[in-house]
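Reminder, nothing fancy here: chain letters follow the sequence lines and each chain counts from 1. Please read these numbers as outputs of a predicted model, since none were measured by experiment.
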2 protein chains.
Amino acid sequence: MDKVTIKEVAKKANVSIATVSRVLNNNYPVSEDVRLKVLEAISELNYQPNGVARSLKSKRTHMIGIVVADITNPYFMQIAKGVESVVSSKGYNLIFCSTNENPTKELKLLRLLNEKRVDAIVLATCDKDGSYIKQLIEHGTPVIMVDRKIHGLNADTIVEDNFNAAYNITNYLINKGHKKISVVNGLLSISTGKERFEGFKKALEDNGILLIEKYVLKGNFNREDAYNAVKNMIKEQREDLPTAIFAANNLMAEGAMIAIYEQGLRIPEDISIVSFGDLSVPQLIKPKLTLISQNAYVIGQKAGEIALEKINGEKDNYREYVMVPDLRVGESVKQV
Amino acid sequence: MDKVTIKEVAKKANVSIATVSRVLNNNYPVSEDVRLKVLEAISELNYQPNGVARSLKSKRTHMIGIVVADITNPYFMQIAKGVESVVSSKGYNLIFCSTNENPTKELKLLRLLNEKRVDAIVLATCDKDGSYIKQLIEHGTPVIMVDRKIHGLNADTIVEDNFNAAYNITNYLINKGHKKISVVNGLLSISTGKERFEGFKKALEDNGILLIEKYVLKGNFNREDAYNAVKNMIKEQREDLPTAIFAANNLMAEGAMIAIYEQGLRIPEDISIVSFGDLSVPQLIKPKLTLISQNAYVIGQKAGEIALEKINGEKDNYREYVMVPDLRVGESVKQV
DNA sequence: ATAAACATAGAAAAGGTTTACTATAGAATT
DNA sequence: AATTCTATAGTAAACCTTTTCTATGTTTAT
């Protein structure tokens, strides 16, 4: 029942444990016959080194924590997959954590990951306050911020150009003749929520269109909140519906669409919609949505690369990478 | 840059390291004034215990490995979420691994998880051979098999009643008058593939309907393989299309639908379809699919519970849990 | 007043590795 | 032939905890 240790291997092969370790790590000359003896003992005993002990000594756990709002959100899953594609070949494993957009839970998770001594953390924060993150970095744990940033934090950051993308897609709506535009957004305490809202407002402003407060909806960046917000809005504004909805995130677009259909409205005949971020299985959802297509997988890959760099080398230079997402025109916007 | 250790806390609080440890673990009487001194030192130094060292001594890592074909498949994500919902409150973290249906990669991942000394493994295997899994269990690592089973393996197993569910939904098609039925399935080396196919065949047989080989499609349980298989089938059988398709998994249903639409056919007017497993965002996909609705989240929860039990207690009794999935009637099957 | 029980604290071993240091034998250099 | 190198192997410390065992002072029982 108990696991075989390096001692037993050493005994069986008639060598010291140092020699076994050297055969395993291949970082010191060992004569060929001894090496073979050791390898034989290893395979006979079916020895598998204790990674915990290794980590204790080497101060490397070969684990990377990834902390996002919700691991079931395809956007974050894509990021995770991107990270994994880069780090798994180097023998790293990923620990997934969901904050559910709760800053307290985020802090708890970060502490836990720190206790586990993960080699790096990839984080899409829901916090406005970076003090614990700063601490982590100062104490030598690389933290790579993805999707969302915190101002004034000395950390590598990979985000999308939210302001301009939101500006552009709002402009697109305006050029199609829309003036009564509703926005379904996440919280403004999150950088993506804030920036997308700023871009949206700027586009209205530049076109001399007034922001209509009753069309400004907010919630957590998820399907349910968007569904409820849009449903209520439609019910309350039956007589004065917006002609278009800007959903500030993929899940919110889905929630909004479900609400629209449930209320017996058509897209885009009765109401147009655009999304920030791709839907799940977009090929099966009609009409094809006009949206900002994001770079989740690439962001993940970049985050993975930076994580590996930081783990192995220089830790005190930081960069911010801004990805420029595409505007993809679909059929969800009507000319008015 | 270096992390604070228990030694420094002890020094600062003027006590021994044993006392600090006792304050942390609260498993031995410590006088109130000493406890306060220690807690103060901890917070002043911002000490966070080294989980690696703890794990080495306590032989508990508080990590559970979860190994599935593809972490981006919503079905497996639901399982993972179910596991997480149960174990995270007990302080456990999840390490996610994707095998991409590659048994060699699975073995590598299992070895890695074993080296990491995870406390338990939740596994949806793509392997037919359970020898390494058996080894793991014998050496004291609980392995909970989910979704897919391996015959003759002494492990806790939680699966769906694939045979009967497949039988029932095929029967449903037959009762709707379908005789030319195509099946898009995963590999038969995987228990779910095999059992669903058996159920499918039995239903045909019981109704005196012949299996038509050219309508039997196979691939990995993913969107792409299903898409390609169905696309080719439609092209080749233009003159003799099946009237219905049984997709043996959620992703395959999606791939099949995309192919059907791309080939200019309608659902269910030109071709009916049923799915084993729920689609992503089913509310947005028209027509509403008739399908076998699975219990992924519940399976995950059960797996989490069993994992915790096994970690803490009895290890040598094993059970197989069989969940009975629902048949949900939608609008994707035409009466013929 | 003495013995027994108790509450609290520390010393030290243990957990399974890696690695700096030391040792030895034979090869190469002078 | 004496000296220096080199290749290879072992010893023991270190990584940071937890926990057993021991010690001490105090309380309770007799």
Whole-Å distance separating the NZ atom of B:Lys7 from the C1' atom of D:dA13: 11 Å
Under-3.5 Å N/O pairs linking protein and nucleotides 20-26 of chain D:
unit_1	atom_1	unit_2	atom_2	d
D:dT20	O4	B:Arg22	NH2	2.8

side-chain hydrogen bond (donor to acceptor under 3.5 Å, both in side chains), paired with A:Asn295, selected from A:Gln78, A:Glu160, A:Lys302, A:Gln301: A:Glu160
Excluding sequence neighbours, so at least two apart, what forms side chain to side chain contact (heavy atoms under 4.5 Å, CB included) with B:Lys108? none
Integer-rounded Å distance: D:dC15 C1' and A:Asn50 CG: 13 Å
Decide yes or no on side-chain contact (heavy atoms from CB on, under 4.5 Å) for A:Tyr318 and A:Ile137, but give the supporting numbers first. CA-CA 11 Å; A:Tyr318 303 100; A:Ile137 296 173; 3.2 Å; yes
B:Glu8 has an atom CD; how far is it from atom P of D:dC16, in whole Å? 9 Å
State whether A:Lys59 places a side-chain N or O below 4.0 Å from either non-bridging phosphate oxygen (OP1 or OP2) of D:dC16. yes
Please state whether the phosphate of D:dT18, meaning OP1 or OP2, lies under 4.0 angstrom from any side-chain nitrogen or oxygen of B:Ser21. yes
If we count only N and O atoms by modelled type, under 3.5 Å, do the side chains of A:Asn100 and A:Ser98 hold a donor and an acceptor together? no
Could you identify which residues of residues 31-47 of chain B place a heavy atom less than 4.0 Å from some atom of DNA chain D, listed by residue number, or say none? B:Tyr47
For the helix from C:dA1-D:dT30 to C:dT30-D:dA1, what is the angle between the axes at its two ends, each from 5 pairs, rounded to 10°? 40°
Does B:Asp127 reach the side chain of B:Leu107, with side-chain heavy atoms less than 4.5 Å apart? no
Note: A:Glu101-A:Arg148 ion pair, threshold 4.0 Å (strictly below): yes
Under 4.0 Å, counting only non-hydrogen atoms across every strand here, what does A:Leu24 touch: a base, just sugar-phosphate, or nothing? nothing
Report yes or no: does A:Thr61 contribute a side-chain atom to a donor-acceptor pair with the main-chain N or O of A:Arg117 at less than 3.5 Å? yes
For the residue pair B:Phe96 and A:Phe96, categorise the inter-ring angle as parallel (less than 30°), tilted (30 to 60°) or perpendicular (more than 60°). parallel
For chain B and DNA chain C, what are the first and last nucleotides along the strand, 5' to 3', with at least one atom under 4.0 angstrom from a heavy atom of the protein chain? C:dT8 to C:dG16
Taking atom types as modelled, is there a side-chain donor on A:Lys57 or A:Ser21 under 3.5 Å from an acceptor on the other? no
State, without any angle test, whether B:Tyr321 and B:Asp156 hold a side-chain donor-acceptor pair at a distance under 3.5 Å. no
Residue whose nearest DNA chain C nucleotide is more 5′ - B:Ser16 or B:Ala53: B:Ser16
Sorted by chain and residue number, the side chain to side chain contact (heavy atoms under 4.5 Å, CB included) partners of A:Ser88 (sequence neighbours excluded) come out as A:Glu84
Side-chain donor-acceptor pair under 3.5 Å between A:Thr72 and A:Asp70, yes or no? yes
Are side-chain N/O atoms of A:Asn14 and A:Lys37 paired as donor and acceptor at under 3.5 Å? no
A:Leu56 atom CG is separated from D:dA14 atom P, nearest whole Å, by 14 Å
Euclidean distance, atom NZ of residue B:Lys57 to atom P of D:dC15 [Å, nearest integer]: 17 Å
Scan A:Val52 against the nucleic acid and name what it touches under 4.0 Å (heavy atoms): base, sugar-phosphate only, or nothing. nothing
If you round to the nearest 0.5 Å, how far is CD1 of A:Ile133 from OG1 of A:Thr125? 4.5 Å
If you compare every side-chain N and O of B:Asn27 against the phosphate oxygens of D:dT19 (OP1, OP2), does one of them come in below 4.0 Å? yes
